[in-house]
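Data first, discussion second: the structure below is written as structure tokens.
No experiment lies behind these values; they were computed from the predicted model shown. Atoms considered below: every heavy atom in the structure, side chains included; atoms not considered: hydrogens, waters and symmetry mates.
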Amino acid sequence: MRAVRATAGAEVAEATGAAEVRIVSGGRVRGMGVFLVLLAALAILGFVLRVPAKAHATFLLTAPPAISVAPLTMSVRWTAGVLAVLCGALGVLLVVRRQQRGAYLLFGLGFALFLWAFLVWAARGAQLNFVEMLVTTLISTTPLVFGALSGVMCERSGVINIAIEGQFLAGAFLGAMIGSVSGDLWLGMLAGAVAGGLFGWLLAFLALRYAVDQIIVGVVIVAFCTGLTNFLTEQVLTPDQTTLNSPQTFAPIAIPLFDKIPILGPVLFDENIFVYLAAILLVVVHVGLFRTRWGLRVRAVGEHPRAAETVGIHVLSVRYRNVILGGVIAGIGGASFTIGSVGEFSSEMTAGLGYVALAAMIFGRWRPFGALGASLLFGFSVSLQSFLAVLNVGIPSPFLAMAPYVITIAVVSGLVGRVRPPAADGAPYRRE
Amino acid sequence: MRLELAGITKRFGTLVANDHVSLTVEPGEIHCLLGENGAGKSTLMNVVFGMLRPDEGEVLVDGEVFRPSDSGEAVRRGIGMVHQHFMLVPLFTVAENVVLGFEPTRRTGILDRRRARSEIARLSEEFGLEVDPDATVESLPVGVQQRVEILKALHRDAQVLILDEPTAVLTPQEIESLFAIVRSLAASGRSVLFITHKLKEVMAVADRITVMRLGKVVGTTTPGESDEGGLASMMVGRTVELVVHKEPAQPGRPVLRLRNLTVADERGAVAVDGLEIDVHAGEILAVAGVQGNGQTELVEALTGLRPVVSGSIELDGTDMTGSSPEEMLRAGVAHVPEDRQRDGLVLAMSVEDNLVLDVYNRAPFARLGSRALDVVHANALEKLSAFDIRASSVESPVSALSGGNQQKVVVARELSREIKLLVASQPTRGLDVGSIEYVHRQIVAERDKGVAVVIVSSELDEVLALGDRIAVMFRGRIVGVVGPETGREAIGLMMAGSGAGAEDVGPVVPAGGRAPAGARAGRESS
Ligand SMILES: Nc1ncnc2c1ncn2[C@@H]1O[C@H](COP(=O)(O)OP(=O)(O)OP(=O)(O)O)[C@@H](O)[C@H]1O
Ligand SMILES: [Mg+2]
């Protein structure tokens, strides 16, 4: 049956219904399937055939306080073989099924199976603490989530924020200093938020009021924040390290009962406040953007500001508000570097993660949970890299250090394909 | 509600777009605003709607001075406006667009989509405006987008409704239903300000008519006191030939051959379904049909903008199936797109650059890899006078031009190359009578030079005036190819899919020589 578009509403409705025949199929879905099949082949070649039959790998699955779970010892050949076959089967399924719906889920599953096979291979003849690996993943992911959410807030309203890296540094620095001087970590977090918000405001002010190119303002803010924090660290913090740069870090908060869940309990429910905050913000921003009046208006401003203006929405105020809020979020993310984990500020400690967060936002298609996916992938790769370094799998360490970036780019570019930013992203807006 | 404009003056730099304009719209009145392209109609309406601040003069609502600082204020005061260029967010659904700015929410601040949908359903039913509230606006044909715009204004309970060229993109049936809506709005005591270039519509719907020229009001009249010819000359300041003279076509070799052409729309559904037709050199094939029956997709396939699913496109003996837009362009295909702002112009670029978008990198507009800006400039000045494009300067961005003048920029550019095939979708959308006369003459002149011409128009008058043969499309197929002497009634029936006269849809021999010498150019009343 063929559905042809017609003007009558009823017919339009019919055409959008299930009766539609697709003659253009999702080429990307097929691409994902082929990718999985290739991974499966790689796994069989690398992790099954070239491994001694008696090799075993042991995964430790317990970290306190969860109920202890016996270590899992597996035959490398068998486990990796089964996993690879499953992964390949999912790939074939994707190619055959060709349906858009559920494709991402299947792909994610297939990729996870491949990673598992890889881990089994890497841990052959040794032990790998899987739970700790997940914990490390979460720690590397958290600041990225803040950064990416900051990007989502700004860009959904039509302002490009590549200053996230600078806002991270400002938040990390001020968070550490205020947290240290006052001895109150909450005050430190607040200071981080204020620092980020301030630079958000600066971006908004220059980009919206004077229509300065947003990319240039962003670059300038990053350069400024880097220089300023370097200078202040050297001149102010270092001479008086004990008073000015020795904040405590937020202690983990165990959520009663949940933290006892085997395996996942200690990973998800025994973390510090930043992790919980990131999770809450994630949901809040997502629901806000896609379910509320505020979000509808923000997206309208990012897509078609003039249309928004004709219905009485103040384009510039929406943008101001969002860019400042975005700065606040990035500032809190920055504070998580110092008072969330390390416990002191050091020069350029964010190491470009602000840009990684920006990339995660783009890979995540300007959606909070998409960005979370990309951030998690990056975080997992970082953790993988550090564990592999310990396991000594024979990959030179510079290559291991590259791995998170390579994996993220490879997976995400295959998975995401063409992305479409908000239509008015980066374009200055003037009332007539 | 009574709307009064008292001595409104609006200047853009040295250009006076509105020069002490005064007019009154009474409650329950349908007031038509007429005027040539660039006369200042849209500017005036933007002043009323709070998008522009007047330099002099006042707007009065029910006798009170009203100075809106933004359009939100105008909307809250009961003024609704459907803009000439739609103000819809393409990625949003119909429902989201309609409620934007006035969203129903639950107590938690969450959007109440169900209520939005039911409000739209109620309005749709009340005014006969059928749309699917969950469709993405981007995927809708312009005619339906128009309906969304009207729903948007009605949703805010507008007491004064400004419609800026609402019929430019509608089919005859849609126009009839729009008129019914407008009349019922007026009957309920609302006032309607209606801008159009179609004199027939003015005569049909107006209670009073105000005519503008060069920013000034040149007169106010009623349909009873005036006729189309009189209105036309009042508007343009000269007698307009409403009849474009056209010799019988002399069709030559087939230039465009479509064989079993099948094209899909965005959603992957079949939009053009096994189309077969030849278009010959020196003839105009007019494609008629209700919008959304595959015309858009057909034009996009012909110009390389949309992939062909199966079948072939042959241009002058060469197979061009699957060619890129650039290859099509180089092969001698000119394209006047349906949506000038999306596909025809780079709005932020200057008029002179827009006039050479297709040839900017070729001689004489480029020499040794660098652009010849003086030639570009001279070319623009020449086109401006030839096509009577009104712009304050050729360096100003094309977005500052009035809608009709933007259209003329597109037409001027496309007709200034050596071409074999002209594909024009709604070529006179938004043009005033004088400009329509001019563009029609140019199209006929191209035909007489031996160009094959495909015109897609939802306007029957234009189809009848220009077409040497008329192909009627319905649900992606050509249901018949007839001569222009066929009555409007018969073509109307074919457009609705019934009573297809000529079922033989293969390459039909052109009905050359049967066109009435001097078909009437689009203004006649049927
Ligand atoms: N933002 C602007 N900046 C500069 N000039 C402008 C601007 N907007 C409109 N103009 C000029 O003002 C004049 C009136 O334009 P307007 O859009 O009101 O014409 P119009 O009567 O609506 O014409 P049309 O029938 O073609 O839509 C035109 O000459 C146009 O170039
Ligand atoms: Mg106009």
Side-chain angles (χ1 to χ4, degrees), chain A residues 1-17 19-26 100 156 287-318 366 420-424 427-428 430-432, chain B residues 46 49-52 70-76 81 83 86-92 96-97 99-103 105 108-111 124 129-132 134-135 139-141 143-144 147 152 156 171 173-174 262 264-265 267-271 273 290-294 297 307 309 475-476:
Chain A
M1 192 198 141
R2 280 174 167 155
V4 172
R5 198 162 69 195
T7 20
E11 293 176 61
V12 171
E14 184 195 292
T16 47
E20 182 180 332
V21 171
R22 290 204 168 264
I23 52 181
V24 186
S25 75
Q100 208 89 52
R156 279 288 181 170
V287 170
L289 267 183
F290 298 107
R291 290 284 158 78
T292 67
R293 164 188 299 193
W294 168 79
L296 192 72
R297 294 182 175 191
V298 167
R299 287 184 292 134
V301 164
E303 290 287 339
H304 195 333
R306 189 157 304 272
E309 197 190 314
T310 61
V311 294
I313 297 170
H314 296 275
V315 173
L316 293 186
S317 346
V318 168
W366 285 265
R420 176 156 142 178
R430 281 222 175 78
R431 295 196 59 184
E432 307 230 302
Chain B
N46 284 333
F49 195 56
M51 302 203 45
L52 294 174
D70 62 24
S71 31
E73 216 170 297
V75 172
R76 279 189 291 277
M81 177 159 176
H83 292 261
F86 298 153
M87 291 297 171
L88 298 172
V89 182
L91 282 183
F92 281 14
E96 287 170 335
N97 267 294
V99 299
L100 184 64
F102 298 82
E103 306 85 351
T105 52
T108 48
I110 302 283
L111 284 180
S124 298
L129 291 157
E130 269 188 274
V131 281
D132 170 12
D134 296 321
S139 71
L140 297 174
V144 181
R147 260 181 260 170
K152 210 166 120 183
R156 304 204 178 140
T171 62
Q173 292 90 327
E174 289 171 324
T262 303
D265 68 13
R267 298 191 302 258
V270 177
D273 190 3
V290 176
Q291 262 198 0
N293 276 290
E297 288 80 5
V309 173
R475 301 212 158 187

Do Glu96(B) and Leu296(A) pass the side chain to side chain contact (heavy atoms under 4.5 Å, CB included) test, and can you show the C-alpha distance, the side-chain angles, and the key distance before you say yes or no?
CA-CA 8 Å; Glu96(B) 287 170 335; Leu296(A) 192 72; 3.8 Å; yes
Start with the C-alpha gap between His304(A) and Leu88(B), add the side-chain angles, then the distance that decides, and say whether side chain to side chain contact (heavy atoms under 4.5 Å, CB included) holds.
CA-CA 8 Å; His304(A) 195 333; Leu88(B) 298 172; 5.9 Å; no
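Note on Val99(B), Asn97(B), Val75(B), Thr105(B): by heavy-atom pairs under 4.5 Å with chain A, the leading option is Thr105(B).
Nearest heavy atoms, Thr292(A) versus Leu111(B): C-CG, 3.6 Å. Shown here for Glu103(B) and Arg293(A), the closest heavy-atom pair between the two residues is O-NH2, 2.9 Å.
By the side chain to side chain contact (heavy atoms under 4.5 Å, CB included) test, Ile313(A) is found to be paired with Arg297(A), Val301(A), Ala308(A), Val311(A), Val318(A), Leu100(B), residues two or more places apart in sequence or in another chain being considered.
Within a 6.0 Å sphere centred on CZ of Arg156(B), other residues, nucleotides and ligands contribute more than 12 heavy atoms.
Taking CG from Leu91(B) and CZ from Arg299(A), the interatomic distance works out to 9.0 Å, rounded to the nearest 0.5 Å.
Thr310(A) places none of its side-chain heavy atoms less than 4.5 Å from the side chain of Met81(B).
In this structure, the portions of Phe102(B) lying under 4.5 Å from any heavy atom of chain A include both its backbone and its side chain.
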